[in-house]
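Here's the structure, in structure tokens; my notes come after.
Order of the sequence lines sets the chain letters (A, B, ...), proteins ahead of strands, with each chain counted from 1.
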Amino acid sequence: MKIPPVKGTRDFYPPEMAVRNFIVDGWKKVSLRNGFEEYDGPIFEYLKMFQIKSGDEIVEQLFSLTDRGGRDLALRPEITPTLARMVNQRINALPRPIKWFSVPRLFRAERPQKGRLREFFQWNIDIIGTDDVLADAEIIFTTIDYLRQVGLTSEDVKVKMSSRRLLAAVLRTIGICDAALEPLYALLDKKTKLPEGTFRALLAQQVPDSEVAEKIEAFMDVKKISQIKNVVGLDDDVDAAVDELAMVHRFLREDMEVGEYCKFDPSIVRGLAYYTGVVFEVHAQEGELRAICGGGRYDNLLCDLGGPSISATGMGMGDCVLEILLRKKGLVEKELQRQGLDFFVACVPGITFDDQDGLVKSTSEDEVVRLTTQLRKKGLCADFSYRSVSLGKQLKQASERNAGTCIIIGEEFKDDKIAVKDMTTGEQELLGYEEFLSNLGIGREEK
RNA sequence: GUGGAAGUAGCUCAGCUGGUUAGAGCACCAGAUUGUGGAUCUGGGGGUCGCGGGUUCGAAUCCCGUCUUUCACCCCA
């Protein structure tokens with residue numbers, strides 16, 4: 001019986017696995033060099049934990065199960081609740097600020113489409129326990145640091161940033177009441193995806209006062225943080241929010257040297273209600289891809305999940321959209337070619353080697369295994385052919401395996417010599433067996 | 001969850017309005033080549049035409065259902 005892969009999942013054959021590792025290894029490397037420590041939690045949690053934060057609609061998009069003890073569980077659709085749980089559990093013992101990262105495997109029972117599957121990986125970085133905007137800047141910087149690391153330039157991608165606090169202050173100043181904020185956020189979030197006329201019509205529904213609606217539109221057209229005050233007028237809350245966002249931008253531009261990646265964009269709202277401050281998304285400049293990542297400040301979430309009131313800011317980046325973009329930009333091919341063996345050990349089949357008394361000591365096939373063992377003992381990647389086939393076949397295998405060097409055990413092994421062939425240049429030299437082995441470690445660090 | 005499009009070999013696809021035994025390229029395996037790889041040539045394996053049902057003397061081809069993929073919505077933690 002043929003069993004197909006489950007809807008929305010991927011099989012990682014070696015080439016796909018190499019790409020996945022390229023992505024994940026980059027995430028980890030960049031996290032560590034920016035001072036984040038890795039954590040992880042269980043792949044399933046109590047269903048209730050996800051319900052608290054997200055509500056019933058989200059529950060329909062969870063893979064849930066009941067265990068034999070009657071516990072209602074769910075495969076994690078995100079790791080932030082787990083992070084909050086772990087931090088809350090040891091909140092008094094953990095030194096702050098907490099700078100943690102994770103690369104969890106996540107599950108969402110949504111209908112799959114381009115850049116969105118039912119099982120995927122997501123890079124999460126969070127800074128918990130400080131309300132300093134420098135932490136927001138660092139989250140954004142670390143995100144850019146990764147994008148830059150894999151070769152995406154400020155021509156390729158842009159960090160669009162705004163602020164929930166700013167948006168709330170602006171809307172209140174204009175005259176929107178608190179109850180109307182949430183549905184309005186949802187609409188503003190969609191502005192760039194809707195035709196202008198449609199947006200205007202929907203806005204008119206929510207905001208009947210055309211003067212107010214015009215002000216909202218004017219705000220949505222603002223290109224620079226410094227222009228906000230001119231459009232909205234004077235207000236202490238707006239001023240404070242503007243200054244805060246301007247400070248994040250200044251850190252990124254003047255101190256972290258990534259200003260060319262960043263721009264203010266008032267249409268960045270983020271879907272979820274729990275964001276409280278700076279919010280941002282990274283988008284590819286060209287093409288119709290969904291956001292590569294998103295993040296922001298969420299000062300109330302830990303408290304909502306049963307912990308103390310502690311501020312936090314973070315970012316999540318999934319692997320699906322990122323991979324599509326990296327492939328489109330030709331940034332993964334090089335990585336695929338780099339993997340391969342250090343050595344492939346081959347032999348001329350059927351040669352026997354005698355000891356001093358003329359008795360058979362070993363065959364060339366035996367010596368292949370012995371030499372490979374020595375190479376592996378030194379931590380090198382080495383392999384050989386199981387079947388005793390012609391030397392030509394073995395060399396072919398060596399090049400298919402992308403071996404850097406091929407070693408040939410032939411007649412000259414009777415004089416304790418081996419042929420060492422460089423597979424890229426094709427050059428070959430005879431070396432003493434012991435001499436070759438003892439020189440192996442040297443010069444390897446430079447590679 | 002709603003609507004559109006598609007599904008033929010591991011991959012990309014051909015197969016005219018239903019008509020013998022379903023093809024090609026690439027990939028894979030073997031040989032040419034028992035001490036020298038990436039090339040070339042020759043040969044080979046591999047398909048219940050996504051699955052199930054219907055129409056028909058006859059279905060890869062037409063119809064229905066279903067699964068999967070994909071696009072647009074909903075949503076996007």
Please list, chain by chain and in numerical order, all residues satisfying side-chain contact (heavy atoms from CB on, under 4.5 Å) with [X], sequence neighbours excluded.
| X | answer |
| --- | --- |
| A:R165 | A:S163, A:A240, A:A241, A:E244 |
| A:K160 | A:K263, A:D265, A:I268, A:H283 |
| A:K28 | A:V24, A:E38, A:F101, A:V103 |
| A:A213 | A:L203, A:V207 |

Output field: ring centroids A:W27/A:F121 closer than 6.0 Å: no
How is A:G350 classified with respect to the nucleic acid when contacts are heavy atoms under 4.0 Å: base, sugar-phosphate, or nothing? nothing
Please determine whether any donor N or O and acceptor N or O are separated by less than 3.5 Å between the side chain of A:Q61 and the base of B:G1. no
With sequence neighbours excluded, give me every salt bridge (charged side-chain N to carboxylate O under 4.0 Å, His left out) pair touching [range].
| range | answer |
| --- | --- |
| residues 11-25 of chain A | none |
| residues 304-317 of chain A | none |
| residues 404-428 of chain A | A:E411-A:K414 |

Test side chain to side chain donor-acceptor pair (under 3.5 Å) applied to A:Q149 - qualifying residues, sequence neighbours left out: A:R33
Could you go over nucleotides 68-71 of chain B and give all protein N or O partners under 3.5 Å, atom names and distances?
{"unit_1": "B:U69", "atom_1": "OP1", "unit_2": "A:G8", "atom_2": "N", "d": "2.9"}
{"unit_1": "B:C71", "atom_1": "OP2", "unit_2": "A:K114", "atom_2": "N", "d": "2.8"}

Based on Watson-Crick and G-U pairs with both distances under 3.5 Å, what dot-bracket line describes RNA chain B 5' to 3', crossing pairs as [ ] and inter-strand pairs as |? (((((((..((((.....[...)))).(((((.......))))).....(((((..]....))))))))))))....
Short N/O separations, protein against nucleotides 31-34 of chain B, under 3.5 angstrom:
{"unit_1": "B:G31", "atom_1": "OP2", "unit_2": "A:K393", "atom_2": "NZ", "d": "2.8"}

Please enumerate all protein N or O atoms sitting under 3.5 Å from an N or O of nucleotides 39-43 of chain B, with distances to 0.1 Å.
none

Residue-phosphate contact under 4.0 Å: A:R270 side-chain N/O, B:A77 OP1/OP2: yes
